[in-house]
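Below: the structure, in structure tokens.
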Amino acid sequence: MKLTPTQGHYQTQSPMTSAHIAQTMTLLYMTATELLQTIDVELSKNPALELINERRCPMCGRKLPPQGPCSICSQPKTLDPGETIIFISPRDDFFTYQGSSSSSLEDYPEDPFASIQLDLPTYVLQQVAPDLEVNEREIAAMILTNLNEDGFLTIEIREICRFLHTLPSKVEVVLKKIQRCDPLGVSARSVKEALLAQVEFLSETTGIPEFVRRAIKDEFELLSRHQYSELAKRLGTTVQKVKLVSHFISENLNPFPARANWGTIRNPNDSTPNVFHQPDILINYLNNKPGNPLVIEIITPSRGTLRINPLFKHAVKDQIGEKQEEWKKDIEKASLLIKCIQQRNNTMRQLMEKLVATQKSFIIHGDTYLEPLTRAQVAEELGVHESTISRAVANKTVQLPNRKIIPMAMFFDRSLSARAILRNIIANENYALNDTEIQEELENLGISVARRTVAKYRAMEGILPAHLRRIEKFATT
DNA sequence: CTATGGCACGGATT
DNA sequence: AATCCGTGCCATAG
């Protein structure tokens, strides 16, 4: 692994040991959430490692103001001068960050091709409709028309009551029904409520670890800050168990019901719930204004800055014999961890630079603009091994400016844009085109795929074959 | 007879 | 070495 000359930054790069490389690799695999957990583990068992309550830039180590990125390291650079701001962002507020939520979806440029998808209210309505009493319908309608883009209810229950002349208890009933629909927890009034709704639903089919409910219900604040020891105390249990709880939550629950992956294919009979982890990368427009440069925020979890405890380091000298050896090892391990985290940040940033440079229009304009890209290409351009990129991409998610959360691997999807165009062709067809005709149409647009492949794409998008579309879309009996 | 889906093969990707 | 993806061939449903 070699350093690229473009990195004019200040990391002190000492020669790498094999242990260093190995650990960097494992850290790369981890999502932000997992990384936080390993750091916590390390902190608790390694006395040489210390967390100081001070914001510092993870790249260069400068002190930072309470908010915002490092002014030096976030300078737009190299590939894309003046266009993209990219920085590593230390955060601790895991379940609560959401960028600034003021902007609504309408503000964003539409993908001219990606036009046909159900909007959230319709999609949910289709699911609840069979379960609703007649007099519950208008309540449901009102709830569903007052959701924001994350799927939260933006209106007070009593307002609904006043408007529809009904009882709060009635509204609650409908609300409960809606919350059981596909973006599980949709129509909740807070992250907390959304999570609880999801727990309720899951508990019917699978087991829920103990304390999960209580942790969310009563100690949500502590939970979202990952303050395990305090949490354990309050719940009257061990830190171990609390970690299990936290892990369960991040694996199985989604704090923002409608934000995950909305608008891609969704298969009603596919039982895997629409759950994604917290994003590891946030992409936004500067000041949330479309048209502004992109701001890439790479999340690195921390409540402060990690460093080697100077007192401990000092104390080593006074120790003798075995004890000293042991302590030295601790220091070594601690500094290794810190270096590896830096390395991880560095790799992630380089990767994102490349990714944004090539996939910018995808990020801004949507699926159809995805450029074909392989991990191998990126690896070569960055001069790192393929597996490094694979690891960096695996299991991570990215939140786009339109606030959808997508798996990072989507940047490498070979057929996404072809499928998006296919969707569009079918949306605009005048009669039900068969697969061969679609294939020709795609050929005209410069996409050559086999007829058989068209069928596959169609299936992936959940689009019916021609003869069935004829009945459904064009009522030609 | 035509349109589509299943299975399996081979090359690319991870 | 394992997996994914596009494709061709063939069976079958309409």
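First the proteins, then the strands, lettered A, B, ... as listed; each starts at 1. Atom set for the values below is all heavy atoms of this structure, side chains included, hydrogens, waters and symmetry mates excluded.
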Quiz item: Nearest 0.5 Å, what's the CE-CZ distance between A/M410 and A/F412?
Solution: 13.0 Å
Practice problem: Apply side-chain contact (heavy atoms from CB on, under 4.5 Å) to the pair A/E429 and A/K473, showing each step before the final yes or no. | Solution: CA-CA 10 Å; A/E429 68 191 357; A/K473 284 175 65 174; 2.9 Å; yes
Practice problem: May I have the step-by-step check of salt bridge (Lys or Arg N to Asp or Glu O under 4.0 Å) for A/K243 and A/D40, ending in yes or no? | Solution: CA-CA 10 Å; A/K243 282 186 180 156; A/D40 275 344; 5.9 Å; no
Practice problem: Give a yes or no on whether a salt bridge exists between A/R349 and A/E353, defined as a side-chain N under 4.0 angstrom from a carboxylate O. | Solution: yes
Quiz prompt | Sequence-aligned protein contact record of nucleotides 1-14 of chain C, with B where the base is within under 4.0 Å of a protein heavy atom and S where only the sugar-phosphate is | solution = ----SSBBB-----
Quiz item: If you round to the nearest 0.5 Å, how far is CD of A/E34 from CG of A/N395?
Solution: 6.5 Å
Quiz prompt | A/F411 and A/F362 aromatic centres sub-6.0 Å | solution = yes
Quiz prompt | First-last contacting nucleotides on DNA chain B - partner chain A, under 4.0 angstrom, heavy atom | solution = B/dA3 to B/dT14
Practice problem: Remember a base hit wins even if backbone is also touched, and classify A/R391 as base, sugar-phosphate or nothing at under 4.0 Å, heavy atoms. | Solution: nothing
Exercise. Return yes if some donor-acceptor pair links the side-chain N/O of A/R375 with the main-chain N/O of A/V393 below 3.5 Å, else return no.
Key: no
Practice problem: Report the C-alpha distance between A/D131 and A/R180 in whole Å, list the side-chain angles of each, state the deciding distance to 0.1 Å, and finish with yes or no for salt bridge (Lys or Arg N to Asp or Glu O under 4.0 Å). | Solution: CA-CA 11 Å; A/D131 297 335; A/R180 302 174 51 84; over 6 Å; no
